[in-house]
**Q** 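Input: one structure, supplied below.
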Amino acid sequence: MKGSHFIIVFLLLNFLHLLLPVFPLPLCSNSEAPLPHKDPLKFCPYNGTSCCNSADDSRIQKQFQVMNISNSACAALVKSVLCAECDKFSAELFRISSVPRQVPVLCNSSTASSVSTQTIKDTNDFCSKVWTACQNASITNSPFAASLKGQVPAPVKSNVTKLMDLWQSEADFCNVFGGASGDGSVCFDGEPVALNSTAPPSPPGGLCLERIGNNAYLNMAAHPDGSNRAFFSNQEGKIWLATIPEVGSGGSLELDEASPFVDLSDEVHFDTQFGLMGIAFHPKFSQNGRFFASFNCDKQKWPGCAGRCACNSDVNCDPSKLPPDSGAQPCQYQTVVAEFTANGTAPQPSEAKSANAHEVRRIFTMGLPFTSHHGGQILFGPDGYLYFMMGDGGGAGSSDPYNFAQNKKSLLGKIMRLDIDNVPSATEVAKLGLWGNYSIPKDNPYTDDKELQPEIWALGFQNPWRCSFDSARPSYFICADVGQDHYEEVDLVTKGGNYGWRVYEGPFRFTPPMSPGGNTSVDSITPIFPVMGYNHSDVNKNIGSASITGGYFYRSTTDPCMYGRYLYADLYGGAIWAGSETPEDSGVFNPTLISFACSHDSPMNCSLVPGSSVPALGYIFSFGEDNNKDIYILASSGVYRVVPPSKCNISCSKENTSAVPSTQGSSGPVSSPPSEATLSAGLYNNLVVLLLSLCLLLVF
Ligand SMILES: *[C@@H]1O[C@H](CO)[C@@H](O)[C@H](O)[C@H]1NC(C)=O
Ligand SMILES: *[C@@H]1O[C@H](CO)[C@@H](O)[C@H](O)[C@H]1NC(C)=O
Ligand SMILES: *[C@@H]1O[C@H](CO)[C@@H](O)[C@H](O)[C@H]1NC(C)=O
Ligand SMILES: *[C@@H]1O[C@H](CO)[C@@H](O)[C@H](O)[C@H]1NC(C)=O
Ligand SMILES: *[C@@H]1O[C@H](CO)[C@@H](O)[C@H](O)[C@H]1NC(C)=O
Ligand SMILES: *[C@@H]1O[C@H](CO)[C@@H](O)[C@H](O)[C@H]1NC(C)=O
Ligand SMILES: *[C@@H]1O[C@H](CO)[C@@H](O)[C@H](O)[C@H]1NC(C)=O
Ligand SMILES: *[C@@H]1O[C@H](CO)[C@@H](O)[C@H](O)[C@H]1NC(C)=O
Ligand SMILES: *[C@@H]1O[C@H](CO)[C@@H](O)[C@H](O)[C@H]1NC(C)=O
Ligand SMILES: *[C@@H]1O[C@H](CO)[C@@H](O)[C@H](O)[C@H]1NC(C)=O
Ligand SMILES: *[C@@H]1O[C@H](CO)[C@@H](O)[C@H](O)[C@H]1NC(C)=O
Ligand SMILES: *[C@@H]1O[C@H](CO)[C@@H](O)[C@H](O)[C@H]1NC(C)=O
């Protein structure tokens with residue numbers, strides 16, 4: 001019963017998504033990020049960061065000249081319409097994810113009337129302005145006529161048209177080209193888009209956590225059936241299926257440690273810096289049973305561990321000349337993405353409680369040059385493609401001596417985007433020189449930049465450690481990228497974007513201690529700088545190190561004061577941030593360090609000292625999001641969930657405390673947990689080993 005209820009809600013939410021497309025801002029109509037262009041534009045009034053370079057500018061100028069519009073009022077408006085392509089919000093203005101448009105959405109009056117301000121109507125009615133000024137003007141190769149291809153009205157015979165030839169009235173015209181701002185979208189009013197400035201929301205009072213699991217996991221993936229279940233995996237190679245208790249029920253994770261969903265530890269090479277790094281369940285898992293694991297293997301121990309070396313002649317790298325790293329030979333360790341199936345253990349994959357550890361298909365294998373920085377997260381994007389996060393491979397000084405992250409032919413230091421639904425034949429795979437059984441999505445950025453390996457979606461990363469898509473805004477793809485000596489960063493990742501490493505570390509220039517593979521010059525790239533981040537000197541002064549763990553945009557209603565903020569943390573557990581975007585959809589973030597506390601009715605003891613409200617998180621390895629959009633922290637001391645702030649006595653004016661269900665008998669208040677105030681020795685030692693390994697993995 002509950003399952004089906006969840007499914008209905010889930011489908012409904014998905015459906016609403018289709019009805020209310022929300023667009024990323026700022027983004028260009030070619031799906032790439034606007035960039036600061038050094039050459040000023042001569043024609044379009046979009047100097048600075050924009051979606052046009054000077055070549056686009058002169059193309060637009062020529063297009064405008066050909067139009068030969070004699071009416072100057074009309075000409076000025078048409079020029080502004082053509083130049084809207086340069087606006088840094090042009091993806092929005094041209095509504096790229098619906099039917100592609102020739103002309104931006106022109107603000108019209110019907111919507112202005114809904115805004116309760118008297119003065120707005122006329123200024124906002126740009127569509128009407130265009131109609132009035134241009135209805136009788138002759139326009140050669142009019143973009144308005146081109147928009148009509150194959151549609152109403154009668155086919156156009158001449159290249160010279162007037163709006164009046166094509167539309168009966170302003171209403172007809174604005175029916176086609178008019179539109180409104182709203183629902184997170186904007187329309188074109190003749191001027192560059194300026195978002196209404198809003199003061200940043202006041203920082204939340206804090207994050208209230210309850211502890212619902214005892215063990216340390218690296219990954220959590222919500223069950224694709226939309227139910228209250230999720231998969232958890234550890235670094236050694238096991239995946240469990242757990243049922244998640246309702247918030248406020250007093251229950252903890254229902255997970256049988258002794259019977260994992262699948263145990264891959266035979267093929268996974270688990271060591272300080274290696275292991276099962278990522279899991280992903282196909283969006284249609286409930287029907288097709290397909291799931292994927294990203295892990296490391298040791299070719300000296302497992303025959304299945306055999307792939308091309310990331311150090312090869314395509315990237316001017318000779319494996320025989322690489323210095324051995326930690327005693328390992330180049331490409332002794334590999335990174336693998338393999339497909340498995342939940343078929344055969346239950347009548348329907350969605351009912352499966354276990355799966356076979358036998359690999360169905362190899363998706364990807366690549367030998368690693370060194371022993372660190374190999375990311376490994378995998379996740380399905382809202383577009384159905386598999387995103388695969390790969391670090392720069394580390395190496396001497398752990399600062400990418402071969403400059404792989406900036407090398408467009410290397411897959412190290414990249415985010416890849418793969419189509420695993422259309423698997424080419426073995427001969428095709430060999431012919432295309434692919435690293436496994438996948439195909440390349442047709443709109444990957446290599447189509448615009450032939451130098452890019454076709455798998456690449458974005459480049460210039462050191463070690464992306466936890467990326468996520470905003471569940472409310474599918475094109476907000478946000479990643480934390482672990483830094484080197486100074487800065488930990490958060491990037492808003494867009495198609496073809498270069499995030500700067502190792503020309504830059506965050507916003508700072510980086511000087512590599514060793515560079516046998518050469519350098520990339522500052523002038524040859526246009527990096528996209530982080531939207532958030534922190535200096536190493538800002539945290540962990542006693543540890544002397546830092547390593548970022550990326551999280552999620554908080555979209556649950558459980559803590560209404562956290563809604564819409566992006567949560568991320570430092571691995572060492574001392575710091576959690578919430579970044580609010582102001583104005584909304586601007587891509588400008590305002591992060592604040594937030595305090596966190598233990599819920600007074602945490603199902604499991606949450607702090608080391610009984611009665612204390614300071615959570616004993618230990619290391620923060622990762623975050624998770626369930627099908628209710630509730631957020632979890634996967635820490636060395638267990639699994640923590642964000643719960644209503646009132647449970648920590650944190651004030652949040654948006655929280656309706658009367659609606660918070662009262663606590664049931666099964667969980668006692670924090671003042672009465674069992675008296676063990678310290679970790680048991682055995683568990684503690686295990687944790688230390690695991691933690692140290694992860695720190696090495698992430699930091700070096
Ligand atoms: C852009 O800037 C350049 C130089 O700063 C200036 O000459 C030019 O007029 C500007 N273009 C527009 C359209 O504002
Ligand atoms: C531009 O329009 C004028 C009339 O407004 C016309 O005389 C002229 O021939 C046109 N030029 C071109 C290149 O079509
Ligand atoms: C457009 O042309 C029509 C008929 O030729 C005329 O009635 C109307 O006043 C003109 N409008 C403008 C804005 O020039
Ligand atoms: C007129 O339009 C046709 C196609 O509609 C195009 O092939 C031709 O180049 C256009 N002529 C001019 C002068 O732009
Ligand atoms: C304004 O745009 C909307 C959306 O395209 C359209 O439905 C409506 O008819 C337009 N209003 C007017 C007055 O043309
Ligand atoms: C800015 O505020 C005005 C007036 O409230 C509104 O009409 C307009 O749509 C807003 N613009 C954006 C981009 O939200
Ligand atoms: C699993 O079952 C689904 C549905 O019957 C089927 O489409 C799929 O091919 C099966 N997968 C494997 C690996 O057998
Ligand atoms: C494709 O998958 C098959 C089955 O797992 C595997 O034998 C083959 O090596 C894979 N091809 C590549 C290039 O990884
Ligand atoms: C790369 O840059 C570093 C730091 O500026 C410099 O020391 C080194 O010589 C450069 N290496 C090459 C191969 O240009
Ligand atoms: C990081 O430190 C630099 C100076 O070293 C300072 O300018 C900058 O504001 C700091 N950034 C953050 C996010 O703390
Ligand atoms: C919660 O806060 C209120 C007011 O700040 C205080 O009176 C009360 O004792 C606190 N309760 C707990 C359990 O800390
Ligand atoms: C909670 O208490 C148990 C013993 O009851 C202890 O082993 C564990 O370390 C404690 N957990 C935390 C996070 O303090």
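Atoms within each ligand, like the ligands themselves, are counted from 1 in listed order.
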**Q** Okay, side chain of Gln332, backbone of Gln329: is any donor-acceptor separation there less than 3.5 Å?
**A**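 Yes.
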
**Q** Supply the atom-to-atom distance Asp538 CG to Asp570 CG, rounded to the nearest 0.5 angstrom.
**A**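 Between atom CG of Asp538 and atom CG of Asp570 there are 10.5 Å.
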
**Q** Polar contacts were defined as any N/O atom of the residue lying under 3.5 Å from an N/O atom of the ligand; does this apply to Asn519 and ligand 9?
**A**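 In this structure, Asn519 places an N or O atom under 3.5 Å from an N or O of ligand 9.
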
**Q** Is the Phe232 ring parallel, tilted or perpendicular to the Tyr217 ring (thresholds 30°, 60°)?
**A**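 Judged by the thresholds at 30° and 60°, the geometry between Phe232 and Tyr217 is tilted.
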
**Q** Between Phe469 and Phe477, what is the ring plane arrangement, given parallel below 30°, perpendicular above 60°, and tilted in between?
**A**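 Parallel: the ring planes of Phe469 and Phe477 meet at under 30°.
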
**Q** Filter the ligand 8-protein atom pairs down to N or O on both sides and distance under 3.5 Å, then list them.
**A**
{"unit_1": "ligand 8", "atom_1": "2 (O)", "unit_2": "Asn437", "atom_2": "ND2", "d": "2.2"}
{"unit_1": "ligand 8", "atom_1": "5 (O)", "unit_2": "Arg362", "atom_2": "N", "d": "3.0"}
{"unit_1": "ligand 8", "atom_1": "11 (N)", "unit_2": "Asn437", "atom_2": "ND2", "d": "3.0"}

**Q** Would you call the rings of Tyr499 and Phe461 parallel, tilted or perpendicular if under 30° counts as parallel and over 60° as perpendicular?
**A**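 Correct class here is parallel.
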
**Q** Provide the number and element of each atom of ligand 9 under 4.0 Å from a heavy atom of Ser515.
**A**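 Near Ser515, the atoms of ligand 9 are 1 (C), 8 (C), 10 (C), 11 (N), 12 (C), 13 (C).
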
**Q** Closer than 4.0 Å to some heavy atom of Thr511 - which atoms of ligand 9 meet that?
**A**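 By the 4.0 Å cutoff, the relevant atoms are 4 (C), 5 (O).
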
**Q** Give the numbers and elements of all ligand 7 atoms closer than 4.0 Å to a heavy atom of Asn343.
**A**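 Answer, ordered by atom number: 1 (C), 2 (O), 3 (C), 8 (C), 10 (C), 11 (N), 12 (C), 14 (O).
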
**Q** In terms of SG positions, are Cys331 and Cys311 separated by less than 2.5 Å?
**A**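 The answer is no, since Cys311 and Cys331 keep their SG atoms 2.5 Å or more apart.
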
**Q** Applying salt bridge (charged side-chain N to carboxylate O under 4.0 Å, His left out), name anything that partners Arg555, two or more places apart in sequence or on another chain.
**A**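 Here the qualifying residues are Asp470.
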
**Q** Output the list of atoms in ligand 9 that are nearer than 4.0 Å to some heavy atom of Gly518, sorted by atom number.
**A**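 Heavy-atom distances to Gly518 below 4.0 Å select 13 (C).
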
**Q** Can you tell me if Gln287 contacts ligand 7 (heavy atom of the residue under 4.0 Å from the ligand)?
**A**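 A heavy atom of Gln287 does come that close to ligand 7.
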
**Q** For the side chain of Gln462 and the backbone of Val482, is there at least one donor-acceptor N/O pair under 3.5 Å apart?
**A**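 Indeed, once roles are kept as given, a pair shorter than 3.5 Å links the two residues.
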
**Q** When the ring planes of Trp302 and Phe295 are compared, do they come out parallel, tilted or perpendicular, using 30° and 60° as the limits?
**A**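 Answer is tilted, since the angle falls between 30° and 60°.
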
**Q** Can you list the ligand 7 atoms lying under 4.0 Å from a non-hydrogen atom of Asn288?
**A**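 Ligand 7 atoms under the 4.0 Å threshold to Asn288: 1 (C).
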
